[in-house]
A.B. asks: 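Got a structure here, written out as structure tokens. Questions coming.
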Amino acid sequence: MGFLRLKMPPKFQLVALLAFAIVMIFLENQIQKLEESRGKLERAIARHEVREIEQRHIQEGAKEALVKEDDLVVIYNRVPKTASTSFTNIAYDLCNKNHYHVLHINTTKNNPVMSLQDQVSFVSLVHVHYYHAGRIQIFGVKKKPVYINVIRDPIERLVSYYYFLRFGDDYRPGLRRRKQGDKKTFDDCVAAGGSDCAPEKLWLQIPFFCGHYFECWSIGSKWALEQAKYNLVNEYMLVGVTEELEDFVMMLEAALPRFFKGATELYRTGKKSHLRKTSEKKPPTKESIARLQQSDIWKMENEFYEFALEQFQYVRAHAVREKDGELYLLAQNFIYEKIYPKTT
């Protein structure tokens with residue numbers, strides 16, 4: 001038996017090969033598009049499932065969620081002369097609108113260290129300095145509070161406090177201050193080696209973040225500096241700086257709308273952004289600044305301030321952008337791609 005064998009001319013063979021290649025490329029593109037469509041469909045289904053879960057949680061656990069949210073305590077252990085009055089008055093203005101309570105504690109003679117019995121009495125709601133998580137558990141608090149704070153350039157803070165003690169501010173101008181009547185400028189004090197402008201007076205922001213350890217108030221303690229850094233990064237949700245207070249307020253509103261919804265607008269109106277200004281404050285000379293900067297105490301406090309500033313700017317870079325002179329929060333940049341087990 002013989003076989004018939006068809007022989008195609010070379011030109012037709014080339015055309016057939018090209019046609020086959022085109023068909024294969026087309027099929028591969030279609031397969032790739034199908035894979036992309038499948039991925040988009042899976043993500044869409046996942047988003048739909050997330051919305052269903054969120055809606056179910058809202059419907060089934062609204063009361064429970066409200067109780068948990070109301071259990072949240074935000075601790076602002078304010079450092080003197082860091083724009084703390086301006087910030088706390090924003091919280092006062094928002095408490096009725098956002099339905100929360102603000103509790104302001106005044107310690108005797110502004111003592112920054114609480115006795116053990118006072119700590120036990122108030123630790124469930126109030127903290128003056130940072131309490132580490134272990135201390136909170138020892139005192140019986142089940143839910144850890146959220147810590148926030150603001151710090152300031154150490155020399156700027158000291159200069160502001162120096163004049164505040166002598167001349168007060170425009171918040172309560174009639175109140176007599178402890179050093180009222182002393183007309184010496186900050187520069188005069190530095191030149192005379194006075195105690196109110198001594199480098200030791202700079203040692204404040206480090207112990208505020210260090211805690212209730214005895215070493216925290218040991219002036220010039222390197223251990224206290226490192227402990228303050230550790231607490232700032234690991235235990236505080238956000239620490240801002242006076243010089244960039246609007247950014248701090250905006251980020252708090254985004255992160256904790258339960259408390260700070262509307263805070264940015266309040267700050268931008270100008271009514272609360274510069275509520276308290278120290279009277280008669282005169283900038284120190286370069287000579288006075290240079291003299292303070294020679295001390296190891298300033299170097300440590302400034303190291304802590306720079307550390308806090310860099311950390312704040314790092315967090316801000318992932319949350320805020322500036323456009324045409326205005327600050328804007330970045331949109332959410334994650335999605336729930338898949339959720340298991342699948343909903344029925």
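Position 1 is the first residue of the sequence; numbering continues from there.
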A.B. asks: What is the distance from atom CG of Leu266 to atom CZ of Arg268, rounded to the nearest 0.5 Å?
C.D. replies: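 Reported to 0.5 Å precision, the distance equals 12.0 Å.
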A.B. asks: Can you find a pair of side-chain heavy atoms, one from Pro199 and one from Glu301, that are under 4.5 Å apart?
C.D. replies: no
A.B. asks: Quick one: does Tyr213's side chain get under 4.5 Å of Trp223's, heavy atoms only?
C.D. replies: yes
A.B. asks: Is Arg166 positioned over the aromatic face of Tyr162, cation under 6.0 angstrom from the ring centre and no more than 45 degrees off axis?
C.D. replies: yes
A.B. asks: Measuring only between side-chain heavy atoms, which start at C-beta, is Lys282 closer than 4.5 Å to Val159?
C.D. replies: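 No, side chains not in contact.
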A.B. asks: Can you list everything that forms a side chain to side chain donor-acceptor pair (under 3.5 Å) with Arg316? Sequence neighbours excluded, please.
C.D. replies: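 With neighbours one apart ignored, the set is Glu244, Asp247.
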A.B. asks: I need the Gln311 CD to Leu238 CG distance, nearest 0.5 Å.
C.D. replies: 9.0 Å
A.B. asks: To the nearest 0.5 Å, what is the distance between CG (Leu165) and CG (Asp182)?
C.D. replies: 10.0 Å
A.B. asks: Would you name the heavy atoms of Ser218 and Trp203 that are closest together and state the gap between them?
C.D. replies: O-CZ2, 3.5 Å
A.B. asks: For the rings on Phe87 and Tyr267, is their centre-to-centre separation under 6.0 Å?
C.D. replies: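 Not close enough - the centres of the two rings lie 6.0 Å or further apart.
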A.B. asks: Provide the closest heavy-atom pair for Phe208 versus Tyr236 in the form atom of the first, atom of the second, distance.
C.D. replies: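 Smallest interatomic distance, heavy atoms only, reads O-OH, 4.1 Å.
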A.B. asks: Nearest 0.5 Å, what's the CZ-CD distance between Phe312 and Glu243?
C.D. replies: 10.5 Å
A.B. asks: Atom CG of Asn98 and atom CG of Leu256: how far apart are they, to the nearest 0.5 Å?
C.D. replies: 11.0 Å
A.B. asks: Please name all residues satisfying side chain to side chain contact (heavy atoms under 4.5 Å, CB included) with Thr242, sequence neighbours left out, ordered by chain then number.
C.D. replies: Thr82, Ala83, Val150, Arg152
A.B. asks: Under a 4.5 Å cut-off applied to non-hydrogen side-chain atoms, are Leu204 and Trp217 in contact?
C.D. replies: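 Leu204 reaches Trp217 side chain to side chain.
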A.B. asks: Extract all donor-acceptor atom pairs below 3.5 Å that involve side chains of residues 288-295 and protein atoms in other chains or at least two apart in sequence.
C.D. replies:
| from | atom 1 | to | atom 2 | distance (Å) |
| --- | --- | --- | --- | --- |
| Ser288 | OG | Asp187 | OD1 | 2.6 |
| Ser288 | OG | Thr285 | OG1 | 3.2 |
| Arg291 | NH1 | Val190 | O | 3.1 |
| Ser295 | OG | Leu292 | O | 2.9 |
| Ser295 | OG | Trp298 | N | 3.1 |

A.B. asks: For Glu200, which residues count as a salt bridge (Lys or Arg N to Asp or Glu O under 4.0 Å) partner, sequence neighbours excluded?
C.D. replies: none
A.B. asks: Decide side-chain contact (heavy atoms from CB on, under 4.5 Å) for Val241 and Tyr305; before the verdict, give the C-alpha distance in whole Å, the side-chain angles of both, and the deciding distance to 0.1 Å.
C.D. replies: CA-CA 9 Å; Val241 293; Tyr305 170 76; 4.0 Å; yes
A.B. asks: Can you tell if the side chain of Tyr163 reaches within under 4.5 Å of the side chain of Thr185, non-hydrogen atoms only?
C.D. replies: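 Side chain of Tyr163 against side chain of Thr185, heavy atoms only: contact under 4.5 Å found.
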A.B. asks: Set out, in order, the CA-CA distance, both residues' side-chain angles and the distance that settles side-chain contact (heavy atoms from CB on, under 4.5 Å) for Glu235 and Phe209, then state yes or no.
C.D. replies: CA-CA 10 Å; Glu235 306 297 346; Phe209 283 80; over 6 Å; no
A.B. asks: For the atom pair CG (Asp153) and OG (Ser160), what is the distance rounded to the nearest 0.5 Å?
C.D. replies: 11.5 Å
A.B. asks: Taking all non-hydrogen atoms of both residues, which atom of Lys81 and which atom of Phe164 are closest, and how far apart?
C.D. replies: NZ-CD1, 3.8 Å
A.B. asks: Going by side chain to side chain donor-acceptor pair (under 3.5 Å), name the residues that satisfy it together with Tyr100, two or more places apart in sequence or in a different chain.
C.D. replies: none
A.B. asks: Does a side-chain heavy-atom distance below 4.5 Å link Leu252 with Ile148?
C.D. replies: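 Yes, at least one pair of side-chain atoms sits under 4.5 Å.
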A.B. asks: Hey, mind stepping through Glu215 and Lys222 against side-chain contact (heavy atoms from CB on, under 4.5 Å) and telling me if it holds?
C.D. replies: CA-CA 9 Å; Glu215 184 70 14; Lys222 292 183 178 179; over 6 Å; no
A.B. asks: Who are the side chain to side chain donor-acceptor pair (under 3.5 Å) partners of Glu253, not counting sequence neighbours?
C.D. replies: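 Here the qualifying residues are Thr264.
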A.B. asks: Flag the pair Lys183 / Phe167 as yes when at least one side-chain heavy-atom distance between them is below 4.5 Å, and no otherwise.
C.D. replies: yes
A.B. asks: Looking only at non-hydrogen atoms, find the nearest pair between Ile206 and Met300 and report the distance.
C.D. replies: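 Of all heavy-atom pairs spanning Ile206 and Met300, the closest is CD1-O, 3.7 Å.
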A.B. asks: Phe214: what forms a ring pair (Phe, Tyr, Trp, His ring centres under 6.0 Å) with it, not counting sequence neighbours?
C.D. replies: none
A.B. asks: Measuring only between side-chain heavy atoms, which start at C-beta, is Leu158 closer than 4.5 Å to Phe186?
C.D. replies: yes
A.B. asks: With the 4.5 Å side-chain cut-off for hydrophobic clustering, are Tyr230 and Val315 part of the same group?
C.D. replies: no
A.B. asks: Among all residues two or more places apart in sequence or in another chain, which pass the salt bridge (Lys or Arg N to Asp or Glu O under 4.0 Å) test with Lys201?
C.D. replies: none
A.B. asks: Val102 and Cys95: which non-hydrogen atoms are nearest, and at how many Å?
C.D. replies: CG2-CB, 4.0 Å
A.B. asks: Considering all heavy atoms of both residues, which atom of Leu202 and which atom of Pro154 are nearest to each other, and what is their separation?
C.D. replies: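 Between these two residues, the closest heavy atoms are CD2-O, 3.4 Å.
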A.B. asks: Under the rule for side chain to side chain contact (heavy atoms under 4.5 Å, CB included), what residues qualify as partners of Ala308, not counting sequence neighbours?
C.D. replies: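 Side chain to side chain contact (heavy atoms under 4.5 Å, CB included) check on Ala308 returns Ile151, Leu232.
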A.B. asks: With sequence neighbours excluded, tell me which residues meet ring pair (Phe, Tyr, Trp, His ring centres under 6.0 Å) with His101.
C.D. replies: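 His101 satisfies ring pair (Phe, Tyr, Trp, His ring centres under 6.0 Å) with no residue once adjacent residues are dropped.
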A.B. asks: Using the test ring pair (Phe, Tyr, Trp, His ring centres under 6.0 Å), find all partners of Phe307 that sit at least two apart in sequence or belong to another chain.
C.D. replies: none
A.B. asks: Among all residues two or more places apart in sequence or in another chain, which pass the side chain to side chain donor-acceptor pair (under 3.5 Å) test with Glu303?
C.D. replies: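 Glu303 satisfies side chain to side chain donor-acceptor pair (under 3.5 Å) with Lys229 once adjacent residues are dropped.
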